[in-house]
Amino acid sequence: MKTYMMLVVLFGLMIAASVSSLTGFKSTIRKLHQPATLSCEGKCSGSVKWTKIQKPSGDVVVARCDRTSCSSEEGFLVSHDQYLEGNLSLTVPAADYSRRGWYTCQCDGEDVCAVSLRFEPVELMKQICPGDSLVMDVGIPERVEVVLRRSGADGARSAVSVPLCSVDGRNVHCEPEYEKRVLFSCSLTLTAVKESDSGVYAVRDADNDEIIATHALALTGETLLWV
Ligand SMILES: *[C@@H]1O[C@H](CO)[C@@H](O)[C@H](O)[C@H]1NC(C)=O
C-alpha cells in the first residue's frame, strides 16, 4: 500500500514538472521606456512566430524567423544568429504602455513560450499647497481605478484606502465625496486640495490588476498657517 501511495505521489510530481516545463508562462517586469527582452529558449528547426495577444482588436504577429532569415515589426527585434542557437528571445528596444501585455512564441504552430510584459509602477512625489490641484496621468486604454491611501493624522500612512474614481475610456465615475472636485480630460485632476487629501494615490489598471503609477502627495508647510 505504501509503495502504491509513493508511486502515486511520484507520478503526480512528474506530471507537474512536465507541465510546467512545457508551458513557459513568464512575467517580464521592466521600467517604462527601457529595453525589455522577452526571453524564450528552445531549439526550433522550423519557423518561429511571436504574436502579441490583443483581445478586442485581434492578435498581431510582431516577429518571424525561419532557417534563412528573421523579420519583425517596427519596435521589435529578433536575432537570426540567436534563433539558430536556440535562443528565441524577442527584444523591445523602448518599451511603452502600448507594448504591455501577453506575447506567445510558437515553433511551427506549437506554443513554446507565453510571456507577459509589464512595467514597474512609476512613483511620483508631489508637494502642493492647499487649494491647488493634483494632476494624475491616466496613460493607458484599460479601465483605471484611482485609490487614495490616506495619510494618518500624525503624518504616518494610515491603513485607510479610499476609492476616488474609475475611468473607462472617456467615462469617469467618482465617489460622491470627490465628484465635485475632479476634472478629467486625459489626466485626472483633483482640485482644491485639502489636508485630508494627503497620502499616496495609486493609479491601477483594473483590467489587469496592475499598479501603473503612485502619486505621493504631501501638503506644503502652509497648512501650519491655518492652525
Ligand atoms: C538570448 O537573447 C537575448 C536577446 O538578445 C539576450 O539578452 C539573452 O542573454 C540571450 N540568452 C542566452 C541564454 O544567451
Side-chain angles (χ1 to χ4, degrees), residues 25-34 36 52-57 95-103 114-227:
F25 286 106
K26 274 176 281 185
S27 250
T28 300
I29 301 176
R30 287 286 172 279
K31 286 201 163 73
L32 193 61
H33 305 311
Q34 305 258 307
K52 183 173 193 315
I53 310 296
Q54 295 185 155
K55 267 174 247 162
S57 51
D96 64 26
Y97 286 129
S98 68
R99 307 282 188 240
R100 293 163 78 236
W102 279 98
Y103 294 80
V115 188
S116 91
L117 174 60
R118 299 162 57 191
F119 297 115
E120 287 174 16
V122 177
E123 290 178 4
L124 304 159
M125 308 281 264
K126 312 226 161 150
Q127 278 219 329
I128 63 175
C129 301
D132 283 357
S133 299
L134 170 67
V135 181
M136 291 171 276
D137 269 333
V138 186
I140 55 165
E142 284 86 357
R143 204 159 49 87
V144 166
E145 281 173 9
V146 178
V147 173
L148 162 64
R149 203 169 58 214
R150 202 172 258 164
S151 302
D154 53 356
R157 277 172 213 165
S158 65
V160 190
S161 278
V162 193
L164 258 75
C165 301
S166 66
V167 181
D168 193 354
R170 300 191 64 93
N171 299 318
V172 57
H173 299 281
C174 295
E175 296 297 314
E177 187 187 349
Y178 293 98
E179 219 169 33
K180 290 195 180 67
R181 287 199 290 141
V182 168
L183 304 173
F184 176 72
S185 56
C186 285
S187 40
L188 194 81
T189 303
L190 178 66
T191 62
V193 163
K194 53 189 180 183
E195 188 83 57
S196 63
D197 294 332
S198 58
V200 179
Y201 292 77
V203 180
R204 192 172 75 92
D205 170 350
D207 289 342
N208 300 299
D209 191 15
E210 246 177 82
I211 306 265
I212 298 301
T214 60
H215 299 254
L217 171 68
L219 292 191
T220 50
E222 279 177 42
T223 41
L224 295 173
L225 299 174
W226 290 16
V227 207

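These numbers come from a predicted model, not from an experiment. Numbers here are sequence positions counted from 1.
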For this session: Kindly give the heavy-atom pair with the smallest separation between A36 and R30, and that separation in Å.
Result: CB-CG, 3.5 Å
Exercise. Roughly how far, to the nearest 0.5 Å, is the CD1 atom of I140 from the CG atom of D205?
Worked result: 4.0 Å
Exercise. With distance as the sole test, does R181 use its side chain to make a donor-acceptor pair with the main-chain N or O of T191 at under 3.5 Å?
Worked result: yes
Output side-chain donor-acceptor pairs under 3.5 Å for residues 114-131, partner residues at least two apart or in another chain, one line each.
unit_1: S116; atom_1: OG; unit_2: S27; atom_2: OG; d: 3.0
unit_1: R118; atom_1: NH1; unit_2: S27; atom_2: OG; d: 3.4
unit_1: K126; atom_1: NZ; unit_2: V135; atom_2: O; d: 2.9
unit_1: K126; atom_1: NZ; unit_2: H215; atom_2: ND1; d: 3.2

Problem set entry | Over all atoms of both residues, closest heavy-atom pair of L164 and L148 | CD1-CB, 3.6 Å
For this session: State the CG-CD distance between D168 and E145, to the nearest 0.5 angstrom.
Result: 10.0 Å
Problem set entry | Closest non-hydrogen atom pair, E175 against P163 | CG-O, 3.1 Å
Exercise. Looking at side-chain heavy atoms only, is the closest gap between V144 and I212 below 4.5 Å?
Worked result: no
Exercise. Hey, what do you get for CG (D209) to CG (D207), rounding to the nearest 0.5 Å?
Worked result: 10.0 Å
Exercise. What heavy-atom pair brings V167 and G169 nearest, and what distance separates the two atoms?
Worked result: CG1-O, 3.7 Å
Problem set entry | Minimal non-hydrogen separation, V193 against D197, with atom names | CA-OD2, 3.4 Å
For this session: Determine the minimum heavy-atom distance between S187 and M136, stating which atoms define it.
Result: CB-O, 3.1 Å
Seminar exercise, completed: Interatomic distance, CG@D137 vs OG1@T189, rounded to 0.5 Å, equals 9.0 Å
Exercise. About how many Å separate OG of S198 and CZ of R149, when rounded to the nearest 0.5 Å?
Worked result: 12.5 Å
Problem set entry | Any side-chain heavy-atom pair of H33 and D96 under 4.5 Å | yes
Exercise. Rounded to the nearest 0.5 Å, how far apart are NZ of K180 and SG of C174?
Worked result: 11.5 Å
Exercise. Between the main-chain N or O of A95 and the side-chain N or O of K31, is there a donor-acceptor pair closer than 3.5 Å?
Worked result: no
Problem set entry | Any side-chain heavy-atom pair of R100 and E210 under 4.5 Å | yes
For this session: With side-chain contact (heavy atoms from CB on, under 4.5 Å) as the test, would you mind laying out the steps for S196 and R150 before giving the verdict?
Result: CA-CA 7 Å; S196 63; R150 202 172 258 164; 4.2 Å; yes
